[in-house]
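Just below is one structure, and these are the notes that go with it.
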Amino acid sequence: MSWDLFVQDWGDFDSLDEIADDFEPKTIGLRSEIIDKIKTVEPTVDFSNPSWGILENGQFSIEFNMGESEESDGFVMHIRGNELALPCIGNILVSLKLKASDGSSPYFFDVEKSKGDLQKWIDYRNSILNS
């Protein structure tokens, strides 16, 4: 079970509520170039399988579902762990000049503002595990 962030070109919108139903995101570049940028920020990410990268440490893990295509229109980050992942995610998004959404709120990922979204996911996960 993970907290999932969907990364793509969300345009110049400030929230998901502003996006029209017929919105078509642009491609975000070549998967290999995106991987290189991610590895510049987080050199320990294992992309031995370019379609599925893994960053693990003692506090959190992030899996990068990059897809099979070399030309990318987006990818998903699957986050497990605690809020120490948030600055890492923020640094990756800044380096890529992209936004991410978890779909649970109309707002895009923000290191400070997304703490509540992550905490809701942690609480939900814990309630299921403790059932």
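Because the structure is a prediction, the values reported are computed rather than measured.
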Would you call Glu83 and Val111 a side-chain contact if the rule is heavy atoms closer than 4.5 Å? no

With sequence neighbours excluded, residues passing side-chain contact (heavy atoms from CB on, under 4.5 Å) with Val76: Asp4, Phe6, Asn65, His78

Would you kindly confirm whether Phe13 and Leu16 end up in one hydrophobic cluster when ILVMFWY residues are joined by side chain heavy atoms under 4.5 Å apart? yes

Does anything in residues 47-66 form a salt bridge (Lys or Arg N to Asp or Glu O under 4.0 Å)? List the pairs, not counting sequence neighbours. Glu63-Arg80

Which one of Leu30, Val7, Ile35, Ile28 satisfies the side-chain contact (heavy atoms from CB on, under 4.5 Å) criterion with Ser72? Ile28

Do side-chain atoms of Trp3 reach the backbone of Ile79 as a donor and acceptor pair under 3.5 angstrom? no

Ile54 side chain reached by Ser61 side chain, heavy atoms, under 4.5 Å: no

Are Gln8 and Asp73 packed together at the side-chain level, in the sense that at least one heavy-atom pair is separated by less than 4.5 angstrom? no

Can you list every pair that meets salt bridge (Lys or Arg N to Asp or Glu O under 4.0 Å) and has a residue in residues 89-98, with sequence neighbours left out? none

All heavy atoms of Ala100 vs all of Leu93, minimum pair found to be CB-CD1, 3.8 Å

Only counting residues at least two apart or in another chain, list the ones meeting ring-ring contact (aromatic ring centres under 6.0 Å, His included) with Phe64. Phe47

Sorted by chain and residue number, the side-chain hydrogen bond (donor to acceptor under 3.5 Å, both in side chains) partners of Glu18 (sequence neighbours excluded) come out as none

Set of residues satisfying side-chain contact (heavy atoms from CB on, under 4.5 Å) with respect to Leu84, sequence neighbours excluded: Gln59, Phe60, Asn82

Considering all heavy atoms of both residues, which atom of Trp10 and which atom of Ser101 are nearest to each other, and what is their separation? CZ2-CB, 4.0 Å

Taking only residues two or more places apart in sequence, or in another chain, which ones meet Thr44 in a side-chain hydrogen bond (donor to acceptor under 3.5 Å, both in side chains)? none

Met66 and Pro50 have their tightest heavy-atom pair at CB-O, 3.4 Å

Can I get a per-line list of side-chain donor-acceptor pairs under 3.5 Å for residues 103-110, giving both atom names and the distance, sequence neighbours left out?
unit_1, atom_1, unit_2, atom_2, d
Ser104, OG, Asp102, OD1, 2.9
Ser104, OG, Asp102, OD2, 3.0
Ser105, OG, Tyr107, N, 3.2
Asp110, OD1, Glu112, N, 3.1
Asp110, OD1, Lys113, N, 2.9

According to side-chain hydrogen bond (donor to acceptor under 3.5 Å, both in side chains), who are the partners of Asp46, at least two apart in sequence or on a separate chain? Ser48

From the list Leu55, Ile89, Ile92, side-chain contact (heavy atoms from CB on, under 4.5 Å) partner of Val41 resolves to Ile92

Sequence neighbours excluded, the answer for side-chain contact (heavy atoms from CB on, under 4.5 Å) partners of Thr27 is Glu71

Residue list, side-chain contact (heavy atoms from CB on, under 4.5 Å) with Thr40, at least two apart or on another chain: none

Keeping Lys39 on the side-chain end and Val45 on the backbone end, is there a donor-acceptor pair under 3.5 Å? yes

Restricting to side-chain hydrogen bond (donor to acceptor under 3.5 Å, both in side chains), what partner residues turn up for Asn49, sequence neighbours left out? Ser51

